[in-house]
Every structure is written in structure tokens, then in C-alpha cells.
Amino acid sequence: MKDRQDAWTEENDLLLAETVLRHVREGSTQLNAFEEVGDELNRTSAACGFRWNAVVRHQYEKALQLAKKQRKQRMRALGQEQGKKKLLYTPPASVEHVEQMMSAPTATYSLSETQVEKSSSEELSMADVIRFLQTMPNQASNLQALQSENKRLMQENAELAKKNTELEKQIKHLEANATTIQEDYETLMQIMNRARKLALFDEEERSSTTFKMDRNGNLEKMAE
């Protein structure tokens with residue numbers, strides 16, 4: 001089973017582009033090109049198709065249009081405009097092959113290519129098709145499980161968002177209280193500084209006052 005997890009290199013993209021353009025130019029299908037590249041790089045045809053449509057194709061759009069034009073000229077020269085496209089590469093048929101064809105993401109093939117693919121699908125036996133159809137309920141159950149998990153995660157995300165909002169409110173409240181406390185502290189420090197200055201002033205005033213005793217033994221404050 002093909003299972004590649006490494007990233008695509010420039011050489012891989014170049015091989016994919018050259019193979020697709022060659023198949024189109026010589027009258028084959030893009031699907032057959034994906035199969036050939038998949039066998040060459042030990043990747044699935046679905047992965048090759050996704051890479052072509054999502055990344056590589058827009059870089060070779062002009063070359064692709066030219067290849068299609070050359071294909072028409074070649075078909076016209078051979079007098080086969082209405083004939084079926086020649087399959088340049090015929091991979092071994094299997095159930096896995098059908099699954100990859102049906103699950104290939106963003107696969108966009110023209111009607112004529114889909115019709116030509118019938119020639120390769122005819123190689124599948126009825127037993128292969130039945131076995132594939134029997135696996136479809138499992139795929140449906142997997143889809144339902146994914147939907148349930150997605151719903152659970154959305155609910156969890158909503159709860160976390162609600163908690164985050166509450167925490168933000170608490171933070172703002174604490175910041176407001178901290179500001180009030182800071183203002184009260186500054187006011188208290190001002191009052192204490194004023195009281196300290198008044199106490200020092202009174203003490204200095206008392207220390208500078210002089211007294212004298214009169215004839216009767218009483219103390220009298222002397223004028224400054």
C-alpha cells in the first residue's frame with residue numbers, strides 16, 4: 001500500500017507536470033498520468049491529483065493549453081477526433097484504485113476524460129465492485145463519528161470562549177480596583193506628609209519661644 005508522508009520536492013513537481021503534459025499531448029488522461037507518477041514516486045494517484053490541481057497546475061496553465069491544442073492537432077491529423085483516447089499507462093486494477101479515484105480531493109476532470117476512464121474501470125471484476133460497495137456503510141459511520149466529534153469540539157470551543165469573556169471581565173474589574181487603591185494610597189500619603197510638616201512646624205515654633213519670670217514668680221512669654 002502506498003503511504004508517503006514526506007513533502008513534495010521541486011523534482012517531484014517537475015516530474016508530475018511533465019508526465020501530465022505528455023499524457024494530455026499524446027491523447028491520454030490526467031488520471032493515467034497521476035497513476036504513472038504515483039507508481040514512480042510511491043504515492044497514491046489521489047495525492048498526485050491533489051498536488052496537480054492545488055499547486056502545480058497553475059504554474060503550467062499555458063503549457064497545458066498548448067498540450068491540449070497539440071492533442072487536437074494530432075487527433076485531427078490521424079483522423080480520430082471522435083475516437084477514444086489512447087491510454088499510455090494501465091495500472092493494475094484493485095479496490096484501492098477505485099477508492100482513490102472516488103476520494104481524490106479537488107479532482108476536476110472533463111467529461112471526455114471521465115468517459116475514457118470507463119475503459120480502465122472495465123478491468124475491474126464485479127466481485128471487486130461489490131466488495132467496495134460493502135465498505136461504504138463503514139465510511140458513512142466514520143463520517144457520522146467525525147460529525148459528532150466536530151459538534152463536540154464546537155460546543156467545547158463555545159464554552160471556552162464564554163469562560164474567556166468572564167475572565168476578561170474579572171481582569172478589568174481587578175484593574176479598576178487596583179487603580180482605585182493606588183489613588184487612595186496616594187491621597188493618604190499626601191495627608192500624612194501634610195500632617196508631618198505641621199507637626200514639625202509646631203515643634204519648631206515651641207522650641208523658639210522664650211519665657212522670663214516676673215517678680216511674682218510667674219512665667220511670661222517674651223516677644224520675638
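What's counted below: heavy atoms across the whole structure, side chains too, no hydrogens, waters or symmetry copies. All figures in this text were calculated on a predicted structure; none of them were measured in a lab.
To the nearest 0.5 Å, the span separating CD on Glu183 from CG on Leu188 amounts to 13.5 Å. Interatomic distance, CD of Glu36 versus CZ of Arg22, reported as 4.5 Å (0.5 Å rounding). Between Ile191 atom CD1 and Arg196 atom CZ the span is 12.5 Å, to the nearest 0.5 Å. Atom CG of Asp184 and atom CD of Glu186 lie 9.5 Å apart (nearest 0.5 Å). Taken from CD in Gln59 to CG in Leu14, the straight-line distance is 10.5 Å, to the nearest 0.5 Å.
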Inset, instruction - May I have the step-by-step check of side chain to side chain contact (heavy atoms under 4.5 Å, CB included) for Asp13 and Arg51, ending in yes or no? - result: CA-CA 8 Å; Asp13 288 343; Arg51 182 68 178 180; 2.8 Å; yes

Inset, instruction - Carefully, step by step, assess Lys72 and Lys68 under the rule side chain to side chain contact (heavy atoms under 4.5 Å, CB included). - result: CA-CA 6 Å; Lys72 290 181 179 180; Lys68 291 180 178 180; 5.5 Å; no

Inset, instruction - Assess whether side chain to side chain contact (heavy atoms under 4.5 Å, CB included) is satisfied between Val55 and Trp8, documenting all intermediate values. - result: CA-CA 10 Å; Val55 178; Trp8 285 76; over 6 Å; no

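In summary, of the residues considered (Val20, Thr29, Thr44), a side-chain contact (heavy atoms from CB on, under 4.5 Å) with Phe34 occurs for Val20 alone.
Two different hydrophobic clusters hold Val24 and Leu66 under the rule that ILVMFWY side chains link at heavy-atom gaps under 4.5 Å.
Remark: Glu10 CD is loosely packed, at most 12 non-hydrogen atoms of other residues, nucleotides or ligands lying under 6.0 Å away. When the shell of 6.0 Å around CZ of Arg152 is examined, it contains more than 12 heavy atoms from other residues, nucleotides or ligands.
Proximity of a side-chain donor or acceptor of Asn157 to a complementary backbone N or O of Leu153 within less than 3.5 Å is not detected. Here the side chain of Arg74 pairs a donor or acceptor atom with the backbone of Glu26 at under 3.5 angstrom. Counting only distance, with no hydrogens or angles, the side chain of Asn12 and the backbone of Thr9 share a donor-acceptor pair below 3.5 Å.
Residues Arg71 and Ser28 approach most closely at NH1-O, 4.4 Å, considering heavy atoms. Minimum interatomic distance between Val37 and Cys48 (heavy atoms only, all atoms of both residues): CG1-SG, 3.9 Å. Shown here for Ser45 and Glu35, the closest heavy-atom pair between the two residues is OG-OE2, 3.3 Å. Contact record, Val56 with Ala17: CG1-CB, 4.0 Å, taken as the closest heavy-atom pair.
For the pair Gln155 and Lys151, the minimum side-chain heavy-atom distance is below 4.5 Å.
A donor and an acceptor atom, one from each side chain of Glu61 and Gln65, are located under 3.5 Å apart.
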Below 3.5 Å, can you tabulate the donor-acceptor pairs from side chains in residues 163-173 to any protein atom, sequence neighbours excluded?
{"unit_1": "Asn164", "atom_1": "ND2", "unit_2": "Glu168", "atom_2": "OE2", "d": "3.4"}
{"unit_1": "Thr165", "atom_1": "OG1", "unit_2": "Ala161", "atom_2": "O", "d": "3.0"}
{"unit_1": "His173", "atom_1": "NE2", "unit_2": "Asn177", "atom_2": "ND2", "d": "3.2"}

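Taking the six-membered ring for Trp and thresholds of 30 and 60 degrees, Trp52 and Tyr60 have nearly parallel ring planes, at less than 30 degrees apart.
With sequence neighbours excluded, the residues forming a side chain to side chain contact (heavy atoms under 4.5 Å, CB included) with Gln73 are Lys69, Arg76, listed by chain and number.
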